[in-house]
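Comments concern the structure below.
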Amino acid sequence: MNELLDLYRTMVRIRAFEDAAEAASQGGVSWGGAATEGAEVRVKGPLHLSTGQEAVAAGVCAHLHARDLLTSTHRGHGHTLAKGADPARMMCELFGRASGYNGGKGGSMHIADFSVGMLGANGVVTAGLPIAVGAAHGLKIRGEDAIAVSFFGDGAINRGPFLEALNWAQIYRLPVLFVCEDNRISATTQSAPMTAGEQAASARAQALGIPAVQVDGNAALAVSEAARKLIEEIRAGSGPRLLHALTYRLKGHVSVDPASYRDPAEVAQALKNDPIVLARERLQAQGLGEQAAQIEREADEEIAAAVATASAAPLPPPEAAYSDVVSIGEGAWT
Amino acid sequence: MRTLSYAQAAALALQEAMQTHPHIVALGEDLGRGGVFGQYRSADGRCLAELFGSQRIIDTPISEATIMGAGVGMALAGLHPVVEMRVADFALCAIDELVNQAAKNRFMFGGQGRVPLIARLPIGIWTASAAQHSQSFEAWFAHIPGLVVVAPATPQDNYGLLKASLASGDPVVYMEHKELWGLQGEVDTQATAELGKCRVAFDEGEGRDLTVVSWSRQVHVCVDAARELAASGVRTRVLDLRTIWPWDREAVLAAASASGRLLVVHEAVQAAGFGAEVAATVAEHTGARVARLGAPRIPVGYAPTLEAESRINAAQVVQAARRLLAH
């Protein structure tokens, strides 16, 4: 099987999923304003899209097993899909339905599928890193043959837990891969002027003795090759590694953010570097254009079916709000 | 029955639980040498790290956020971590990991994950330790859905409640009092404790004049006050809440209904403290007159004269009780 075709399939499924989620979120919440009610709005609240960053999720997760554990960011749809989650159950969750992965309690920002080791998207920047090192620590103590991976953005490296988590992983030699999806922006502010040092994600890891590799995060095969090598080292007992993937977020911070704070020339250039466009060009050059088109059709059908499933699924009953709180005194508000 | 200190009682509970359950681990600063207060040292003086090894009693860097966050990750990987924060004050450096991650995980992910994590947050005034080593935050954590909050007052309860907390499967904020570490008491290792149930700490006569509700170190102060009140014929029942959330509402409401007067006493700052919750609930559900006694809203001072302003003593409890009884 052609590796690029496999990666292409993952990327295209992520793109189709997020495009559909975005379409279903129109009017759900305004940027800086209150949510507007409307029956047609099925995905409510903030929707953080990873459009343009699909190659990182696809390239890294291609080398993970279901038993490997993964923590993610608030921009976690791609990671979740690439880790093996079912898009229909994911879409149900985004639609707030009882049959969603989280029973409608989490939504987009907390999408998770523990059955494939995806321990959750997270609403707090950097929060996934300490959880990932703890998961890796737990795997090590339990003697399990698995690793942990944590995706985070370039904005995350300026919070203290980044340093704490990397130091922790290194002193205990934990089986963990840190993946920085460097999309150059922290919410809506350029990261560069907010970050001391050059290539800071890699440099800070290296300062702690953690080998770090930089890669073109829009080149799916390059990401995959770099991730494969690092993951092999980690599985062999090397201790932590960091993959610094340089990419670009093609959409705003949330789906309703027009991202007008960006230089249009930069965006135009980034669109040419869209990892899906790049991969498709390459596949066509290899004479695999028809296979690529088939993958696109299949993804569109799969996601359309997911939307149909989610649209028809019931919302959770109000009493579900009281379950899964704590077992002692569950549901008690008095 | 064995006589153990409050610290030793917890160590024994942890030791026994770790022997039975291979998935229990403890992590935090200074655990390898037995913990800052000796709470990770067995009754025969040996460090639990000697008994269980550094893989299970884990010495960590000074990284509170990651100690707590790693505890969450360990729990999700199938362990039962006991997370040590040295003093509750330092847990503020791990507040996202406790409040946003540990407490929310089970609900937010629709029950896919559980975080059976014990966060040991030693609370309370610790003589001459000033404003950043003396706070009592139980009300903060009682306010957070998803957390269980426990505050034992005796060696027996520190043994039984720690075991019950370890078995609960939920994130538990376990608050020991720093000035109780050395308190000696008999510990029945056959006895079990149930979370959410209070204990009658003092019951003179029928206890029909006044109900006093307290927890942690302040229970002992309230018992002293109740003895003094008894000498002047006031019959008082002192209830040690033991678990702040869930709290033993039924027992408190029954006692307050019977006595018609309720005084809640705690070491924490009175304003927005957990005493307000108890008092309001009793007022809503019974005809009892209620009053609260907690510290003034000031940081704990260093000099003895300043620190004393934050300490609730037996004389103040007696005075508050007499004021309540006079109406």
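All values below were derived from every heavy atom in this structure, side-chain atoms included, with hydrogens, water molecules and symmetry-related copies excluded.
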Please state whether the side chain, the backbone, both or neither of A/Ala121 comes within less than 4.5 Å of a heavy atom of chain B.
backbone
Just so I know, are the side chains of A/His137 and B/Val25 near enough to count as touching, which here means a heavy-atom distance under 4.5 Å?
no
Would you say the side-chain atoms of A/Arg142 pair up with the backbone N or O of B/Ala77, donor to acceptor, closer than 3.5 Å?
yes
Count the heavy-atom pairs under 4.5 Å between each of A/Gly103, A/Gly106, A/Ala112 and chain B, then report the option with the highest count.
A/Ala112
Within 6.0 Å of CD in B/Glu50, more than 12 heavy atoms from elsewhere
yes
Which heavy-atom pair separates B/Asp96 from A/Ala127 by the least distance, and what is that distance?
OD2-CB, 3.6 Å
Of all the residues in residues 84-91 of chain B, which have a heavy atom that comes within less than 4.5 Å of a heavy atom in chain A?
none
Just so I understand: if I count every heavy-atom pair under 4.5 Å between each of B/Val148, B/Thr60, B/Val72, B/Leu195 and chain A, which residue has the most?
B/Thr60
Parallel, tilted or perpendicular: which describes the rings of A/Phe114 and B/Phe109, with under 30° parallel and over 60° perpendicular?
tilted
To the nearest 0.5 Å, atom OG1 of A/Thr71 lies from atom CD of B/Gln101 at 9.5 Å
Taking all non-hydrogen atoms of both residues into account, name the closest pair between B/Leu79 and A/Gly138 and its distance.
CD1-CA, 3.5 Å
For residues B/His23 and A/Ile141, determine if any side-chain heavy atom of one lies less than 4.5 Å from a side-chain heavy atom of the other.
no
Nearest heavy-atom contact between B/Ser168 and A/Ile328 is CB-CD1, 3.7 Å
I need the residue from B/Gly78, B/Gly196, B/Pro145, B/Ala103 with the largest number of non-hydrogen atom pairs under 4.5 Å to chain A.
B/Gly78
Counting only heavy atoms not in B/Leu51, do more than 12 sit closer than 6.0 Å to its CG atom?
yes
Counting heavy-atom pairs under 4.5 Å to chain A, which of B/Thr66, B/Leu27, B/Leu76, B/Asn100 comes out on top?
B/Thr66
Give a yes or no answer on whether the side chain of B/Asp170 reaches the backbone of A/Val326 with a donor-acceptor pair at less than 3.5 Å.
no
Minimum heavy-atom separation for B/Phe107 to A/Ala321, with atom names?
CE1-O, 3.3 Å
For the residue pair A/Ser323 / B/Arg106, report whether a side-chain donor-acceptor contact shorter than 3.5 Å exists.
no
A/Asp324 CG to B/Lys104 NZ distance, which is reported to the nearest 0.5 Å:
14.5 Å
Heavy-atom distance under 4.5 Å to chain A: side chain of B/Gln112, backbone, both or neither?
both
Examine whether an atom of B/Arg114 lies under 4.5 Å from a heavy atom of chain A, and if so say whether it belongs to the side chain, the backbone or both; otherwise answer neither.
side chain
So which part of B/Gln55 gets closer than 4.5 Å to some heavy atom of chain A, the side chain, the backbone, both or neither?
both
For A/Ile171, is it the side chain, the backbone, both or neither that has a heavy atom under 4.5 Å from a heavy atom of chain B?
side chain
Just grab all the salt bridge (charged side-chain N to carboxylate O under 4.0 Å, His left out) pairs involving residues 161-175 of chain A, residues at least two apart or on different chains.
none
Examine whether an atom of A/Asn122 lies under 4.5 Å from a heavy atom of chain B, and if so say whether it belongs to the side chain, the backbone or both; otherwise answer neither.
side chain
Contacting region of B/Glu284 [heavy-atom separation from chain A under 4.5 Å]
neither
Would you indicate whether B/His143, at its atom NE2, is surrounded by more than 12 heavy atoms from other residues, nucleotides or ligands within a distance under 6.0 Å?
no
